[in-house]
Each structure stands twice: as C-alpha cells, then as structure tokens.
There are 2 protein chains.
Amino acid sequence: MSKTDSAPFSYEGLDRVIHEKARLGLLTSLMAHPKGLAFADLKQLCGLTDGNLSRHLAVLQEAGLVDVTKGYEGNRPHTTCRLTKTGRRRFLDYLAVLERLVRDAAKAAGREAPPLGRLGILST
Amino acid sequence: MSKTDSAPFSYEGLDRVIHEKARLGLLTSLMAHPKGLAFADLKQLCGLTDGNLSRHLAVLQEAGLVDVTKGYEGNRPHTTCRLTKTGRRRFLDYLAVLERLVRDAAKAAGREAPPLGRLGILST
DNA sequence: CTATATACTTTGCGATACAAAGTATCGGGA
DNA sequence: TCCCGATACTTTGTATCGCAAAGTATATAG
C-alpha cells in the first residue's frame, strides 16, 4: 500500500517549485502566451517587483520549467520567457492535483459530516 | 485603479497561511469533518509527521482558522481540531481564487491547439 | 552632463517548513 | 518490578525561501 493511499489528503503532487503564489501566476501567464513573454510583461501581469521576478524566473529555469532567453534589443537587455515542454506538462499535472483538491474541498463543504467509519479511517 | 486590475495574474487572494501543501490538506480534511478530528487522524489523513502537524496546527490556530482543543483522555493527551467559522469562510474564499486560477490556466491550455493527444485536462 | 527611466541582478534578512530529538504516558511481557 | 515499544505530542535546529532594498548598466531627455 502506497503512502498516498493511506493519506488521501497529502496532495503529494503539489510540486514545491510550482506551488508558489508568484510562480503560479507566472506559469499561468506563460501558458496563455506560448509564444513567450518579456520580463516587463510578466512583471506587470503578475504584479511582481523586478527582484522577485528575477528570482522566481531563475528558480523556474533551474527546474527546467521555463526557457529564459537573454538577448539584446539594441543595446538594452531583453529577456524572453517561454514554457518548456516539460514545464507545460508538469504544470498541467499540478493543475490536475489542484483541481482534485478543489473538488474534495467543495464536496466536503457541500455535505454534512460523514461519520469517520464510512471513510475507512478507523479500519473498518 | 487597483493593483489587481493591472496584474490579472497576481492572485492576491492566495493567503500565505492557507496556501501551503500540508495546511491545504489539513483544512480540506477538517472541512469534511465539521465535528472535528483528532491529532492522530489528521496525521494519518495528511501523511504528516508529528512535528510538522504540531507546527502547522499552531500556525492555523494562531491565524484563527482552526480551534484546537487540548484535553486528556484518561491521562493521555488528546487533541481535537475543528474549523472555526472564519476559518471555513476564509478557506472557501481561498478556494474561489484557486478555482479561478485553475480555470485561467485551463483556458490558456485549451486555446493552444496541442498536437499531442493530451486533451481535456479538466472538467468533463 | 546631470537626471530619470528601463532592464535586470545581487544581497540581506526575516520567516518558515521540515526533520530529528525530546518529554511524558500507557500497555504489555520477562 | 523493570524494561521496551508504542502513542501523543512539543521543542529545537537547520536549511530554504520569499521579498525588499540596493546595485549595475544602458538609454533618453532636458
């Protein structure tokens, strides 16, 4: 029996790299723009400071979730970011877990207290 | 104009106290059991170690989201936890934001025609 | 040729998640 | 009676991390 089976609410699929307010916004933004987004765009879309954005992008890049292209436009630095294939894949996996969580909670909110025994927590 | 208006992906509603893997599991568990759950039950349901559970419960209690009742059963300590009213409300608020995030991302994922067969990530 | 704006990176720090160790009690054996 | 392991937590230590402030560099305007 796997650990998850006995711990239905552990949500192990919630990858720490992804499960972060700022980075969730970044990934969602990038998901909506497969062609890529510029540093300044992401900054605005996600309401991040320069420093935070830089840091989060570095984390996402090191994890292989986004591809960060640093180039120059004229003499100015211009950074473009896109989701990698695995990044997209892993984000979708994460979202599936998140969706399950929302469903679990919504279901719990909807109906009243089920007795413990029914869930098989106390043996059965 | 509020900050959120210009930063549609900032997801400011993602309360740090709630937005945490372990605590999400705890809150969902407690949502499903309004009558309360014992320390040992939560530990099992969420797959947490004693130390982590203790710590997370303390955080949730300090934030006023859960009510932790420490009593004795015989001479053994026995802790029971329940969601407070505000805890329930704040968790539901959080879930609403989370739902929006999942929808945003799903929509973004859907707009792009994926040649790969991985369709219909969400919903039915 | 200062001043301000854009485009980032680096640094410093306070907070925190997690694990390991600690405290205390109970229920068996030997 | 004296261990020994299990239950029920709490405390401590550490390593990480998010965030803000400061730093670097170039471009443009007055």
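Sequence lines set the chain letters: A, B, ... in the order given, protein chains first and strands last, and positions in each chain run from 1. Model, not experiment: these values are computed from the prediction.
Applying the salt bridge (Lys or Arg N to Asp or Glu O under 4.0 Å) test to Arg76(B) and every residue at least two apart in sequence or in another chain returns nothing. In terms of the side chain to side chain donor-acceptor pair (under 3.5 Å) criterion, Thr69(A) has no residue partners (sequence neighbours excluded). Under the side-chain contact (heavy atoms from CB on, under 4.5 Å) criterion, Asp15(B) pairs with Val17(B), Ile18(B), Arg90(B), sequence neighbours left out. Remark: Asp93(B) engages Arg89(B) in a salt bridge (Lys or Arg N to Asp or Glu O under 4.0 Å) (not counting sequence neighbours). In this structure Arg16(A) satisfies the salt bridge (Lys or Arg N to Asp or Glu O under 4.0 Å) test together with Glu20(B), sequence neighbours excluded. Residues satisfying the side-chain contact (heavy atoms from CB on, under 4.5 Å) test with Thr84(B), not counting sequence neighbours, are Asp67(B), Thr86(B). Under the rule for a side-chain contact (heavy atoms from CB on, under 4.5 Å), the partners of Ala38(B) that lie at least two apart in sequence or sit in another chain are Asp41(B), His78(B).
Applying the side chain to side chain donor-acceptor pair (under 3.5 Å) test to pairs two or more places apart or on separate chains, those with a residue in residues 50-65 of chain B are Arg23(B)-His56(B), Lys43(B)-Asp50(B), Thr49(B)-Asn52(B).
At dA15(C), none of the side-chain N or O atoms of Arg16(B) fall inside 4.0 Å of OP1 or OP2 (strictly under the cut-off).
Within residues 19-28 of chain B, the residues having any heavy atom under 4.0 Å from DNA chain C are, by residue number, Glu20(B), Arg23(B). The stretch residues 51-62 of chain B touches DNA chain C through Gly51(B), Asn52(B), His56(B), each having a heavy atom under 4.0 angstrom from the strand.
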Listed pairs, N/O of protein and of nucleotides 2-8 of chain D, under 3.5 Å:
from: dA8(D); atom 1: O3'; to: Pro77(B); atom 2: O; distance (Å): 3.1

